[in-house]
Amino acid sequence: MNDGRPGARNDVTYRERLATPWWWYLVGLGVATLLAAEFRISGAKLTVWIPFCTLLPLSVIIVWWLGHSTLEIAGGELRVRGAHLPLTYVSGAIALDAATLRRVVGREGDPAAYVSIRPWIGPGVQVWLDDADDPTPYWVVSTRHPQDVVRAVRAAA
């Protein structure tokens with residue numbers, strides 16, 4: 001089967017949409033409403049509806065854009081946010097809880113690591129690389145189901 005890309009097959013082992021929570025849209029709309037109301041309070045000679053008609057849709061678009069990414073294991077690769085890692089170079093993977101993930105990407109982490117985390121997703125996965133030509137020691141990615149990702153990486157590698 002083909003999904004529209006040349007040479008792509010539908011052999012997806014794992015796929016997760018890293019969407020923002022629904023309540024982020026409410027927060028975004030609330031902040032946009034406050035900003036739009038500031039134009040009215042300031043006495044600017046704008047039509048009242050212009051700030052609301054621009055800032056409210058813009059806030060929805062921004063929240064949607066933040067959560068418009070997927071984590072996928074397919075075709076022998078780990079793909080997240082446009083980056084792909086051939087699983088032939090993976091030497092190990094481990095599930096991380098939220099506290100450990102924060103430590104791994106914080107002071108205890110390697111600055112050369114590839115990090116793709118989302119603040120609204122607590123747990124994640126650390127995937128170690130075994131490639132002499134790549135200076136990246138490991139990848140750290142957010143996922144809501146770290147054990148499933150680890151199983152999929154180990155099965156595909």
Side-chain angles (χ1 to χ4, degrees), residues 1-6 8 10 12-75 77-85 87 90 93-129 134-153:
M1 293 188 130
N2 196 341
D3 69 354
R5 296 180 308 201
N10 285 339
V12 176
T13 306
Y14 181 84
R15 182 183 193 107
E16 178 182 353
R17 189 162 170 252
L18 305 174
T20 51
W22 64 269
W23 57 269
W24 276 41
Y25 289 94
L26 297 178
V27 171
L29 287 170
V31 170
T33 301
L34 287 174
L35 289 173
E38 288 294 323
F39 285 101
R40 180 73 175 136
I41 293 172
S42 70
K45 300 295 182 200
L46 295 173
T47 307
V48 173
W49 59 269
I50 290 176
F52 288 98
C53 289
T54 55
L55 292 177
L56 292 177
L58 184 63
S59 70
V60 170
I61 290 169
I62 289 171
V63 172
W64 173 83
W65 179 76
L66 285 171
H68 185 69
S69 62
T70 58
L71 169 64
E72 182 178 82
I73 299 171
E77 290 184 335
L78 170 66
R79 299 181 193 128
V80 63
R81 295 178 46 201
H84 61 93
L85 170 65
L87 294 175
V90 172
I94 188 169
L96 304 172
D97 62 0
T100 307
L101 178 83
R102 283 193 301 272
R103 284 198 324 267
V104 168
V105 299
R107 284 189 284 180
E108 296 178 19
D110 190 333
Y114 176 78
V115 177
S116 176
I117 59 171
R118 294 301 196 209
W120 57 89
I121 300 175
V125 173
Q126 184 176 15
V127 179
W128 290 285
L129 306 181
D134 191 353
T136 307
Y138 57 85
W139 279 29
V140 178
V141 296
S142 292
T143 176
R144 290 183 177 91
H145 311 285
Q147 296 297 337
D148 295 341
V149 174
V150 169
R151 277 192 293 275
V153 165

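Predicted model, so just to flag it, every value in this text is computed and none were measured. One is the number of the first residue; the rest follow in order along the sequence.
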Check whether any side-chain heavy atom of [X] lies under 4.5 Å from a side-chain heavy atom of [Y], and answer yes or no.
X: Leu71; Y: Leu78; result: yes
X: Arg15; Y: Thr70; result: yes
X: Val141; Y: Val127; result: no
X: Glu72; Y: Val80; result: no

If we ignore hydrogens and angles and just use 3.5 Å, is the side chain of Arg144 paired with the main-chain N or O of Arg17 as donor and acceptor?
yes
Residues at least two apart in sequence or cross-chain that pass ring-ring contact (aromatic ring centres under 6.0 Å, His included) with His145, listed by chain then number, are none
In chain order, what residues pass the ring-ring contact (aromatic ring centres under 6.0 Å, His included) check against Tyr114, with sequence neighbours excluded?
Trp139
Approximate separation, where rounding is to 0.5 Å, of Ser69 OG and Glu16 CD
9.5 Å
With side-chain contact (heavy atoms from CB on, under 4.5 Å) as the criterion, how do Val140 and Ile117 come out once you've worked through the C-alpha distance, each side chain's angles and the decisive distance to 0.1 Å?
CA-CA 7 Å; Val140 178; Ile117 59 171; 4.2 Å; yes
Please name the pair of heavy atoms, one in [X] and one in [Y], separated by the smallest distance, quoted to 0.1 Å.
X: Ala152; Y: Ile73; answer: CB-CD1, 3.6 Å
X: Val150; Y: Val125; answer: CG2-CG1, 4.1 Å
X: Ser142; Y: Leu18; answer: O-CD2, 3.8 Å

Residues 50-63 side chain polar contacts: donor-acceptor under 3.5 Å, at least two apart:
from: Thr54; atom 1: OG1; to: Ile50; atom 2: O; distance (Å): 2.9
from: Thr54; atom 1: OG1; to: Pro51; atom 2: O; distance (Å): 3.2
from: Ser59; atom 1: OG; to: Leu56; atom 2: O; distance (Å): 2.7

Can you sort out the partners of Arg151 under salt bridge (charged side-chain N to carboxylate O under 4.0 Å, His left out), two or more places apart, ordered by chain and number?
Asp148
Considering only distance and modelled atom types, tabulate donor-acceptor pairs under 3.5 Å from the side chains of residues 93-105, sequence neighbours left out.
from: Asp97; atom 1: OD1; to: Thr100; atom 2: N; distance (Å): 2.9
from: Asp97; atom 1: OD1; to: Thr100; atom 2: OG1; distance (Å): 2.5

What residue pairs, at least two apart or across chains, pass side-chain hydrogen bond (donor to acceptor under 3.5 Å, both in side chains) with a residue in residues 18-30?
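Qualifying pairs: none.
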